[in-house]
Amino acid sequence: CEIPPNECSIIQTERAESHDEFSCEPIGLRMCQDLPYNTTFMPNLLNHYDQQTAALAMEPFHPMVNLQCSPDMRMFLCALYAPVCTEYGRVSLPCRGLCRRSQSDCRGLMEMFGLAWPDEMDCSRFPECEEAYPRQEDLLTTSDDAADQASMTVQRDYGFWCPRELKVDPELGYSFLGRRDCSAPCPSMFFSRQELSAARYAIGGVSIVCLSATLFTFLTFLIDVTRFRYPERPIIFYAVCYVMVSLVFFLGFLLEDRVACNAASPAHFRAATITQGSHNKICTLFFMVLYFFTMAGNVWWVILTVTWFLAAVPKWGSEAIEKKALLFHACAWGLPGALTVTLLALNKIEGDGVSGVCFVGLYDVDALRWFVLAPLCLNVAVGVSLLLVGIVALNRVRMEIPLEKENQTKLVKFMIRIGVFSVLYLVPLLTVIGCHLYEHAYRRAWETTWVRRRCRSYHIPCPYKVEDSHEPALVLFLIKYLMMLVVGVPSVFWVGSKKTCFEWASFLHGNKRKDGVNESRQVLQEQPDLAQSLLRDPNTPIIRKSRGTSTQGTSTHASSTQLAVLDDPDEPIRPHPSLPASSRSKPSSLHSKRLTTPPPGGVTSPLRLSVCVKETFCCDITSFPSQARRRGGLQRLRGAQLPRQHAPPRPPAVHSQQPPPARRPIGARQPAGRGRGPAPARHARRRGDRRPAGQRRQRDQRLRRRQDVTEDVTGS
């Protein structure tokens, strides 16, 4: 009690029993004893749900009654806080004259005590009359049969009344079960502390597993950033998102309910309650990180299916998909950011006493429906649709286009890999959505059952009718939290391979990679002869190897490849004036030009060809024409017609010290892999193919283009 001890006894009343029906009950308020009536009803005219609450509300007026500032003050207060119990459906209000006399007589004394006349006691709310209270008809109703009136009951449902223990300050803006300035009990309104302790340890253990898996994926990417290119690059950002999600759950496990709950205040008769809104800075930070990265991880999975779709259906190359990276990042980070800011503006943050974190939709069903279920279901629908279309397209490529056995095997393995990864992601995510839907459907029944079970201990009206009595199972909440974390674990499946083990072993032993070329892709590599390296002029720049060319010879999205002719093999390659004098050129659309200046001294030299690939380097392809011919972007090399005035004559033959090879007998077949020209053209000539050379080249280009499609999609 916050008033002096000698006055505590004035407001003490015997505890009124809770009730689940409208009834007349004996007056227990000490101030309202010895009145013309002895029964009242609750809730009263000021919406106090029991006499104990009414006695506490009458506490400020005790000095005025004890000092007898007005002879009408005591009756006026009892008419409001303990009104006479009449027949159901009729409420007897005090007259306006009684209110005015009480207010005018006690105004000076109330100002002396620093009290103001309450708004709910405004005299304009009462009927204009000058009758005494209670009226004669009210007394007749109660005096005929007082015993029967005391036992008269009229059934009525009052709804939920916020207990005094769960009330919070009005400036916080809390809401619970439709009542303002009220919050849910903490740590949980459904489970005991022993059950919560076991659940927290399970959530903490799974969060450590998820954090380890996703962090391993991200660190593997950092060891070799060129290994994971589009279309599989979104897996890395997806793993980064779940690194943050698992980290927040792990911190919630360590902090228990210190962030999600408001501390109890026994001096103010307040129990521990759930944190709501943004006044708790740590809870707000937990919510922002958890919600933002949860939604961003789902969006990155959708973007992953989009990149697979672009690679499988329109046959986009890696460089073409990478050009859309800015759009992908804008969607993946912008949409979750907009949702997070909206929830902060609506003040929808809620503490979670089970996991120790803060999220949305834990007690507000509408927020759960629009800000959790709707985005998750939309992401699943879009992602699964694109995934199925991409897999069907890859299967059509495998069935209709004749590929080599090795490429067929690679394509089948890649399809299996996509399928397994998608199942490992979709099964936990669909489980989370199912748990949210179940909670959304039965949340009201759980809350009604809780009110019915705790109404007597909280001294609030019990529900009149409870049609369904349901209590949630802890295993449901536990599955929801575990699946939210397991969703991030499949990222380690994508990087789990022997190559990852070799990279980590090399990294741990301190061996750095000599080049950043992705070994899973076929790229141009130059291995100059040792004699050429020794005879090269010191001022000649070192020829670097290319990062790769486009695999779509006819696609408008692929990077362009140009040919350059140098008349002198000993003359250094001249870089473009706008490029820096470094071995690696900047990404640009500048290409090599044909150098027509004759070499000094008028000495002609053999033909030398060089290739400049967009965003890569210029490289000499004279020493490896077979590798250059394998790529779709260099197919023009075989059909290039050089001007005769610039074509140098054939150099004199260099006599080798080795004996000439033995001549092949007439009629003997030439060994495989020998001779000039691509294999399909040689076989065509051997079979007597009389088609023109241009048609044969076009057929060879189509076959190689199909092979390049498989290489781009599978990343091999």
Side-chain angles (χ1 to χ4, degrees), residues 1-13 16 27-33 35 40-84 91-134 161-175 179-183 265-270 279 459-460:
C1 201
E2 297 182 343
I3 61 177
N6 57 348
E7 297 183 13
C8 275
S9 59
I10 299 178
I11 65 170
Q12 293 295 329
T13 61
I27 297 177
L29 299 176
R30 189 166 183 174
M31 182 188 294
C32 299
Q33 299 295 325
L35 294 178
T40 185
F41 65 90
M42 289 291 156
N44 57 20
L45 301 181
L46 299 180
N47 287 330
H48 299 126
Y49 47 82
D50 60 8
Q51 295 191 48
Q52 183 182 9
T53 307
L56 293 175
M58 292 178 68
E59 176 185 341
F61 298 99
H62 279 285
M64 272 66 71
V65 175
N66 293 336
L67 295 177
Q68 298 181 355
C69 62
S70 173
D72 299 321
M73 188 65 175
R74 175 170 175 261
M75 180 57 67
F76 176 69
L77 292 175
C78 291
L80 297 179
Y81 289 92
V84 59
V91 178
S92 179
L93 296 176
C95 290
R96 187 176 300 179
L98 182 65
C99 175
R100 289 174 177 173
R101 291 193 300 270
S102 301
Q103 184 180 6
S104 61
D105 294 342
C106 298
R107 178 177 299 171
L109 188 61
M110 292 182 66
E111 292 178 354
M112 183 183 302
F113 281 93
L115 299 176
W117 194 261
D119 294 336
E120 60 268 16
M121 296 170 57
D122 188 10
C123 295
S124 61
R125 298 178 54 188
F126 307 111
E128 184 68 39
C129 60
E130 294 294 337
E131 299 181 71
Y133 191 87
W161 291 63
C162 183
R164 180 179 61 175
E165 295 86 350
L166 303 182
K167 285 186 175 295
V168 296
D169 297 333
E171 60 269 13
L172 296 178
Y174 284 17
S175 175
R179 298 292 180 179
R180 297 186 60 83
D181 306 329
C182 190
S183 184
S265 178
H268 296 83
F269 305 100
R270 292 181 179 177
H279 71 282
H459 305 288
I460 59 177

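Throughout, residue positions are numbered sequentially from 1 according to the sequence presented.
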Chi angles and distances behind the side-chain contact (heavy atoms from CB on, under 4.5 Å) call for Glu130, Cys95: CA-CA 6 Å; Glu130 294 294 337; Cys95 290; 6.0 Å; no
Between Phe113 and His62, does a ring pair (Phe, Tyr, Trp, His ring centres under 6.0 Å) hold up when you go through it step by step? CA-CA 11 Å; Phe113 281 93; His62 279 285; over 10 Å; no
Could you walk me through whether Met110 and Phe61 pass the side-chain contact (heavy atoms from CB on, under 4.5 Å) test, one step at a time? CA-CA 9 Å; Met110 292 182 66; Phe61 298 99; 4.2 Å; yes
Quick one: do Cys69 and Asp105 satisfy side-chain contact (heavy atoms from CB on, under 4.5 Å)? Show the steps, please. CA-CA 6 Å; Cys69 62; Asp105 294 342; 5.6 Å; no
Step by step, would you call Asp169 with His268 a side-chain contact (heavy atoms from CB on, under 4.5 Å)? CA-CA 11 Å; Asp169 297 333; His268 296 83; over 6 Å; no
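Side-chain contact check for Trp117 versus Arg107: every heavy-atom pair is 4.5 Å or farther apart. By the 4.5 Å heavy-atom criterion applied to side chains, Arg74 and Val65 are counted as neighbours. Between Leu77 and Met121 there is a side-chain heavy-atom pair separated by less than 4.5 Å. Between Thr53 and Arg164 the shortest side-chain heavy-atom distance does not fall below 4.5 Å.
Residues Tyr133 and Phe126 keep their aromatic ring centres 6.0 Å or farther apart.
Atoms CZ and CG, on Arg125 and Leu93 in that order, are 9.0 Å from each other to the nearest 0.5 Å. Rounding to the nearest 0.5 angstrom, the gap separating the CD atom in Gln52 from the CG atom in Leu29 is 10.5 Å. The distance from atom CE of Met73 to atom SG of Cys99, rounded to the nearest 0.5 Å, is 9.0 Å. Here the straight-line distance linking atom SG of Cys106 with atom CD of Glu111 works out to 11.5 Å at 0.5 Å rounding.
Listed for the Thr40 side chain is no donor-acceptor partner under 3.5 Å among the backbone atoms of Ile27. Between the Gln68 side chain and the Met64 main chain, no donor and acceptor come within less than 3.5 Å of each other. Side-chain atoms of Gln51 do not come within 3.5 Å of backbone N or O of Tyr81 as any donor-acceptor pair. A donor-acceptor distance shorter than 3.5 angstrom exists from the side chain of Arg96 to the backbone of Cys123, with no hydrogens or angles considered. No side-chain donor-acceptor contact under 3.5 Å links Arg179 to the backbone of Trp161.
Contact detail for Pro60 and Ala57: the closest heavy-atom pair is CD-O, 3.3 Å. In terms of heavy atoms, Pro94 sits closest to Pro127 at O-CD, 3.4 Å. Across Leu45 and Ser92, no two heavy atoms sit closer than the pair CD1-O, 4.3 Å.
Using modelled atom types, one finds no donor on one side chain facing an acceptor on the other under 3.5 Å when comparing Asp72 with Ser70.
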